[in-house]
There are 2 protein chains.
Amino acid sequence: MELLIDKNLDNFATICRQAGLKITPQRKLIYRCLLQSKEHPSAEMLLKTVRNHEPSISLDTVSRTLKTFESLGLVKVMAGGGDARRFDGDTSTHQHFRCVNCHKIFDFHYKPYESIEIPSVITDRFKILGVSVYVEGYCPDCQ
Amino acid sequence: MELLIDKNLDNFATICRQAGLKITPQRKLIYRCLLQSKEHPSAEMLLKTVRNHEPSISLDTVSRTLKTFESLGLVKVMAGGGDARRFDGDTSTHQHFRCVNCHKIFDFHYKPYESIEIPSVITDRFKILGVSVYVEGYCPDCQ
DNA sequence: GTACTTGCAAAGCCTTTGCATCATA
DNA sequence: TATGATGCAAAGGCTTTGCAAGTAC
């Protein structure tokens, strides 16, 4: 896992440079914490983690950085059901279960969802960026 | 279409009575406008439509009413990607395309998505309420 | 040295809440 | 007539913006 994160951080540096963005300690830290997180954190959740390493960092640096990462494709934004946006450092294809009560998010991989083709009524009219599948319900703690 | 709305309004009245809710002119109007809307409106978008018929209605009545409808299952809430929540009066199974630029939402029906079973790793641990499929990209106006 | 970033504070949206007034059942 | 609903205004969250100070390149 450490190796994977190192590899992603190299990739991160390359992408930043290509985009003309500076590689600051804050950006590296935020990205590293996001990769290690399994909870699909909101900006505020991620801030807590980040402050364990660097207490002086501010919420809006985290927010702005996540927004920057999003436009670079380094991060996926999850539509929080009306709550704060949640961020996912894993940009590979996968699906999510979301608890409607506590808003925890769980990943899962299920091939059938990935092999479905988008119908031509959509591909003909729209330029497709991606498909998101959300299963909603109650997690074990909230049933 | 008028017939369908009348039928839904009857259904609406029944559901309200069962829940012990009063059937007020505002609630009827809000529900009717939502059924007729094809744009998956936010509370504010719906307010504009509603005010064409009843100018004195307030935004928070619309918001509160939509929230009430949601808990009754009369309305589906769509996770707006960080923007205002969007509401859908069509509670039948269907999928959505969402423009990442102008945030317009388009419905489509595509059987393969509906016939996928949720994997047992999810059904074993969680109580499932529903599955949402969002295709994201650019609509014709935004390409 | 220069242009980009950061941190702070304020402002902006959207949503929720408190409360007096009003209307449904 | 009594409970629940509405409208208004204020408050609460989350996100965005403006600006001076700081930093990567």
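Within every chain, numbering begins at 1; the chains are lettered A, B, ... in the order of the sequence lines, protein sequences first and strands thereafter.
Nucleotide C:dC4 holds its P atom 18 Å from the CD atom of A:Q18, rounded to whole Å. Separating the CZ atom of A:F87 from the P atom of D:dC14 is a distance of 13 Å, rounded to the nearest angstrom. Between the CG atom of A:L72 and the P atom of C:dT5 there is a distance of 10 Å, given to the nearest Å. Taking atom NZ of B:K67 as the reference point, atom P of D:dT6 lies 15 Å away to the nearest angstrom.
Pairs of residues two or more places apart, or lying in two chains, that qualify as side-chain hydrogen bond (donor to acceptor under 3.5 Å, both in side chains) and include a residue from residues 110-121 of chain B are B:Q95-B:E114.
When distances are taken from the side chain of B:R64 to each of D:dC25, C:dT24, C:dC19, the shortest belongs to C:dC19.
For CD of A:E44, the number of neighbouring non-hydrogen atoms (other residues, nucleotides, ligands) closer than 6.0 Å is 12 at most.
OP1 or OP2 of C:dT16 sits under 4.0 Å from a side-chain N or O of B:R85. The phosphate of D:dT23 has neither OP1 nor OP2 within less than 4.0 Å of any side-chain N or O from A:Q26. Contact annotation: B:T24 reaches the phosphate of D:dT6 (side-chain N/O to OP1 or OP2, under 4.0 Å).
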List every contact pair, protein side and nucleotides 1-4 of chain D side both N or O, where the distance is under 3.5 Å.
unit_1 : atom_1 : unit_2 : atom_2 : d
D:dT3  : O2     : B:K22  : NZ     : 2.5
D:dG4  : O4'    : B:K22  : NZ     : 3.3

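Residues of residues 44-63 of chain B having a heavy atom closer than 4.0 Å to DNA chain D, listed by number: B:S56, B:I57, B:S58, B:D60, B:T61.
Checked against salt bridge (charged side-chain N to carboxylate O under 4.0 Å, His left out), A:D60 has the following partners two or more places apart in sequence or in another chain: A:R64. Qualifying side-chain hydrogen bond (donor to acceptor under 3.5 Å, both in side chains) partners for B:S63, counting only residues two or more places apart in sequence or in other chains: none. Take A:H109 and apply the ring-ring contact (aromatic ring centres under 6.0 Å, His included) test, not counting sequence neighbours, and it matches A:H94. Residues passing the side-chain hydrogen bond (donor to acceptor under 3.5 Å, both in side chains) test with A:S92, sequence neighbours excluded: A:D90. For A:S71, the side-chain hydrogen bond (donor to acceptor under 3.5 Å, both in side chains) test picks out no residue, with sequence neighbours left out. Residues meeting the side-chain contact (heavy atoms from CB on, under 4.5 Å) test with B:D141, sequence neighbours left out: B:K104, B:C139.
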Report all side-chain donor-acceptor pairs from residues 13-35 of chain A shorter than 3.5 Å, counting only partners two or more places apart or in another chain.
unit_1 : atom_1 : unit_2 : atom_2 : d
A:T14  : OG1    : A:D10  : O      : 3.0
A:T24  : OG1    : A:R27  : N      : 3.1
A:R27  : NH1    : A:K22  : O      : 2.8

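Residue A:Y138 shares its hydrophobic cluster (ILVMFWY side chains chained together at separations under 4.5 Å) with A:V100, B:L129.
Taking the centre of each ring, A:F87 and A:F69 stay at or above the 6.0 Å mark.
Annotation: the terminal axes of the helix from C:dG1-D:dC25 to C:dA25-D:dT1 meet at 40°, where each axis is the rotation carrying the C1' atoms of four end pairs onto the next four (5 pairs per end, rounded to 10°).
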